[in-house]
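Naming convention: chains lettered A, B, ... in sequence-line order (proteins, then strands); numbering from 1 in each chain. Computed over heavy atoms, backbone and side chain alike; hydrogens, waters and symmetry mates excluded.
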There are 2 protein chains.
Amino acid sequence: MPKVTDEYRASRREEIAAAAMRAFHRKGFQATSMADIIAESGLSAGAIYGHFKSKNEIILEVSTKIIGARLGEVEELAAREPMPAPAQLVRVLMGGMLHDIGRPAMLVQVWGESMTDPLVHDLANRVMSRLRSVYTDYIVLWHERQNGLSPAAARALADEQVVLFLASAQGFIIQSALFDDFDSDAFLSSIEKYLPR
Amino acid sequence: MPKVTDEYRASRREEIAAAAMRAFHRKGFQATSMADIIAESGLSAGAIYGHFKSKNEIILEVSTKIIGARLGEVEELAAREPMPAPAQLVRVLMGGMLHDIGRPAMLVQVWGESMTDPLVHDLANRVMSRLRSVYTDYIVLWHERQNGLSPAAARALADEQVVLFLASAQGFIIQSALFDDFDSDAFLSSIEKYLPR
DNA sequence: GTCTATACCAGGATAGAC
DNA sequence: GTCTATCCTGGTATAGAC
């Protein structure tokens, strides 16, 4: 008996999350009000709050989906032969974000919110830590395969370098958000030219 | 007759801005409410709104002061002999922000806010553009002096590289905000090790 | 110019009927 | 489970007396 109900609940959550994602796509996380999500979903406030405890819980659900997609992409690239250089991952990550949430710049809102909201901070921290971990593994693999380093040496180098690659992705996002004349291609080719190989 | 009054007004504005800076130092720009600024200044709402049109105008005033200090520092370094490598500027910039506003991470709030508030966007855009311009000039000088490049070649290189240095500063800020275990020294030495010279 | 008191708004969340 | 209507909070800005 709980079976049908559980499935129903799950699909309802899914439906709401999808509507929220569309709304976020348009206006960003913070600027999207519950009213927007309600309108987009075609449901009512009561219905939504029956499935999600708060707006933050919706953001959490959607974010988890999005970051999951990114991590999958990175793993897919690690399996490719030859594997793209670590600097190339920035391009892939940004492309994926672009596809999922319109403008990667919208992440800046989440980061900003994480300054004051402990729950959002926790989410952002976990997401970024996970990305760092996956990215580090990728760099390790790269140095082993491409530069013939020992696992230990590769790991040490990767730990040191990963912050730079993360900073590049973060810089891309900030600059695309702030500079009206941001040149995405120029940025990416500069990254690929100057970051370690 | 307007003379005394103008001076009075200016010093009042100054006083309010200083109080606001102290409040911002504690809680960040967004999380600081007008009530906080009012309490910190020891004045009243009416008094403050007699000198500033809005909270955003206060933020603008304070931000302008802070960025002005940073730009001054960069120019000071450009005059030094021998001049520090461009990557070192990241350290200086972050140190200065730390001194002025406590945690550089607070800037993330401004960037986040700039996504939805056109006025803040405009401010952030101008500030970051100005920083980019000063930073570019610094790199040009560096390449001319240190690497013996022609002005034209130095300029071309600087335009290409400046986004990386900016990204490093931005990455520093984001990562210090998001990672509970952020290692400031490790980050800075990685920057100085791998970014172009 | 400055104060107190308050209007006013946005937005998240809930109550209670169905 | 879902709807409508509404409450409530936090926060900016203003009105009007002094």
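In the hydrophobic clustering of this structure, L93(A) does not group with V140(A); members are Ile, Leu, Val, Met, Phe, Trp, Tyr whose side-chain heavy atoms approach within less than 4.5 Å, directly or through other members.
By the 4.0 Å N-to-carboxylate-O rule, D137(B) lies close enough to R155(B) to be salt-bridged with it. Using a 4.0 Å cut-off between charged side-chain N and carboxylate O, R70(A) and D100(A) make a salt bridge.
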Give me, pair by pair, the N or O atoms of the protein and of nucleotides 9-12 of chain C that are less than 3.5 Å apart, along with how far apart they are.
| from | atom 1 | to | atom 2 | distance (Å) |
| --- | --- | --- | --- | --- |
| dG12(C) | OP1 | K55(A) | NZ | 3.1 |
| dG12(C) | OP2 | M34(A) | N | 2.7 |

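Under the 4.5 Å side-chain criterion, counting only non-hydrogen atoms from C-beta, R130(B) is not in contact with I67(B).
In 5' to 3' order, the nucleotides of DNA chain D bounding all contacts with chain B (an atom under 4.0 Å from a heavy atom) are dT12(D) to dT14(D).
At a threshold of 4.0 angstrom between heavy atoms, the contacts of G46(B) include nucleobase atoms, whether or not backbone atoms are also involved.
When every heavy atom of M106(A) is checked against every heavy atom of F24(A), the shortest pair comes out as CE-O, 3.1 Å. Residue A105(B) comes nearest to I173(B) through the heavy atom pair CA-CG2, 4.0 Å, listed as atom of the first residue, atom of the second, then distance. Between H143(B) and A154(B) the shortest heavy-atom distance is CB-CB, 3.8 Å.
Just one of V127(B), I101(B), I174(B) meets the side chain to side chain contact (heavy atoms under 4.5 Å, CB included) condition when paired with L107(B); it is I101(B).
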